[in-house]
Amino acid sequence: MILQVDNPVVEVHDLTVSYDRKPVLWGVDLTLPAGALVGVIGPNGAGKSTLIKAMMDLLPSGSGYVRIFDKPINEVRKRISYVPQRESVDWDFPASVFDVVLMGRYGNLGLFKRPRQADKDAALEALEKVGMQAFADRQISQLSGGQQQRVFLARALAQNADLYFMDEPFAGVDIATETAIIELLRTMRDQGKTVIVVHHDLQSAANYFDWVVLLNMRLVASGPTEKVLTQELLEQTYGGKLTVLTKVGDLLRKQEFPMREKR
Amino acid sequence: MKEFLEFFSFADANVRYVTLGSVLLAGSSAVVGCFTLLRKRALVGDAVAHAVLPGVCLAFILSGTKNPFILLVGAFITGWISLILIDFITSRSRIKEDTAIGLVLSVFFGVGILLLTAIQHSGNAAQSGLDKFLFGKAASLVGEDLIAFSIVAILLLAATILFYKELKLLCFDETFAKTIGFPVRGLELLLTTLTVLAVVVGIQAVGVVLMAAMLITPAAAARFWTDRLGVMLVLAAIIGAFSGVAGAFVSYTAPAMPTGPWIVLIVSMIAILSFALAPNKGWIARILRRRRNKKLILEENLLKLLYHLGEDRQDYTTTRPLQELLDKRAIPAKEAKYGLAKLRAQGYLERSKAGWSLTPEGIKRGRRVVRLHRLWELYLTQYLHLASDHVHEDAETIEHIITPELEQRLLEELNYPELDPHSARIP
């Protein structure tokens, strides 16, 4: 069940990604529709974060290519936005909540330029959307996990992008934050934006997403939620790792073997 | 004292130059050091500092002069090579970064010392003074040297101001910087270059051995005082500049003294003081906070005690002798007396010959503590399902910390209860 769409927002073609020569994602062929709330789902170590990072060209890919809005990613950076995992930064950094949200405007500003009043307005507005305007001056280390997640979300909102990549935005947040975030994501989708979310909770997935990508080292399924979240496909995804695939990957690393013959 | 006045009157042109030079050098390296620190590359700074020595010596051997520009170029080149080597070793072998830094640092410094010794024994008359690169000599910052090093220092400051936003994002969230299309490799290269340059200009004043302290310590000290990057940069610059001037003064009054160790001692003193004195995060602030908490607990316990005693007969204003209080609750007599006196001074208690009694304000506050205690006990039994005989100890501490807002929330969630789990009335 791998459904390809016409005029996709994201087109992934034959993508293989390796860490230290060991492939963690094999030959992913994938297209995603515009204006959808997409869930990327799979067990731990399935390569979910790897997939969205590779889509944004944050990781070197072994083979294949990604096109976004039918263009190479570097031409459309201003139209995409990324919410990394909360733990990926040191929250003891000397910055306020507002400082961090303002960083969402840096891409539009370009090098050397200082944030203008309009950028500050946009940052404040984004903070308001996530219900954190009262915390604008707070030092970021004083925030709870849910608040940190909201700040990251506000930073992404400040970018005014058309395509959003979010890495586990629901991990370790309280119920109130989770509800607030999903509401926000739905509003964004209704405005025609595309949101791609790495998600680990199967229970809520059916409820949250219009489109689901099932992943476990390779693409298992991609399609509308009700067609993808079936017993059979979930068993394929969660039924343990493919042992041969893992072993071949280990061999490639050990022998320092190239993934493709000529590079 | 005479020297002090002489130096700080800045009457002597030399003194003016040396001071200006030290301020620029120490200040600019402190500013760059902030980013190095926040990027968690402090040790790398140390490696670079040691690695510039062979560059200085080689530049001297090849050119035969002590022209500061040539020495700077030499220092810059080997400083850079050391960084590339560290990255190369870390990415191409199983050796971890700290080990790679240790390896590169010692090899480069060893070669540097070797070259320096060779030069000193070569009989080249021009060599005298090269050894000041080891421990620094601020007082020799005159003429051509001053101009060369000051230009670089000003360039450093200009670059950090120009790239402030970019460097900030690079240090906080490199991946995000990449996604919005910042040239992260280029920025990294820039920060590395700035670090190397900061080291190169700083060594004149501090020397290679102690340069890392000049880069990192002002930043670490400044971090204690503020949570804003902009303020941190300015503070670090001031701390750096101050120790630079102090070093220049020492170098001026005692020419035989190496400047570096003095500057480092002073900047380290500032760092230790910051560690002790900084508001909130500082060591003394924490001790004070702990003592304040202890005092608050003692006082509220005494008020609670008097309120409890009055509860039996609904008579809260009875005067009670100290001994009665001590019998009821095991408080050391000395502490109890101290606490009672404090409470009296605050107007919560009155004292007469017969003993102590609550004022109306004292009753109010005592009642609040008792109320919070019982509310918390109830909360624990209802929401955490603790047995009613296991909740008292918890409530003994929590009663002192609950804010009025939390109290309101508790009341709402418990639906304005009448009785606590032990069937005592909640006042």
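Any value given below was found using the heavy atoms of this structure, including those in side chains, with hydrogens, waters and symmetry copies removed. First the proteins, then the strands, lettered A, B, ... as listed; each starts at 1.
The minimum heavy-atom distance between B:Arg228 and A:Asp137, with the atom names listed, is NH2-O, 3.0 Å. Residues A:Met103 and B:Leu169 share a closest heavy-atom pair of SD-CD1, 3.4 Å. Closest non-hydrogen pair, B:Ile180 versus A:Arg77, comes out as C-CD, 4.2 Å. Residues B:Asp227 and A:Gln139 approach most closely at CB-OE1, 3.3 Å, considering heavy atoms.
Within 6.0 Å of the CD1 atom in A:Ile175, the count of heavy atoms belonging to other residues, nucleotides or ligands does not exceed 12. More than 12 heavy-atom neighbours from other residues, nucleotides or ligands sit within 6.0 angstrom of CZ on A:Arg114. The number of heavy-atom neighbours closer than 6.0 Å to CZ of B:Phe76, taken from other residues, nucleotides and ligands shown, is above 12. The number of heavy-atom neighbours closer than 6.0 Å to OH of A:Tyr19, taken from other residues, nucleotides and ligands shown, is above 12. Atom NZ of A:Lys78 has 12 or fewer neighbouring heavy atoms from other residues, nucleotides or ligands inside a 6.0 Å radius. No more than 12 heavy atoms of other residues, nucleotides or ligands shown are found within 6.0 angstrom of CD1 on B:Ile401. Within a 6.0 Å sphere centred on CZ of B:Arg289, other residues, nucleotides and ligands contribute more than 12 heavy atoms.
Looking at A:Ile140, only its side chain comes within 4.5 Å of chain B, counting heavy atoms on both sides. Contact of B:Phe182 with chain A is made through the side chain alone, with heavy-atom distances under 4.5 Å. Contact of B:Ile161 with chain A is made through backbone and side chain together, with heavy-atom distances under 4.5 Å.
Residue with the most contacts toward chain B among A:Asp92, A:Val83, A:Asn74: A:Asp92 (heavy-atom pairs, distance under 4.5 Å). Residue with the most contacts toward chain B among A:Tyr82, A:Phe165, A:Phe112: A:Phe112 (heavy-atom pairs, distance under 4.5 Å). Taking B:Arg223, B:Glu174, B:Lys40 one by one and counting their heavy-atom pairs under 4.5 Å with chain A, the maximum is reached by B:Arg223.
The closest side-chain heavy-atom distance from B:Thr175 to A:Ser88 is not below 4.5 Å. Side-chain contact between B:Thr226 and A:Pro94 is absent, with no heavy atoms from C-beta onward closer than 4.5 Å. Within the 4.5 Å cutoff, side-chain heavy atoms of B:Lys168 are placed close to those of A:Phe93.
Formation of a donor-acceptor pair under 3.5 Å by the B:Lys165 side chain with backbone atoms of A:Lys113 is found in this model.
Within the model, atoms CG of A:Leu59 and NZ of B:Lys178 stand 8.0 Å from one another, a figure rounded to the nearest 0.5 Å.
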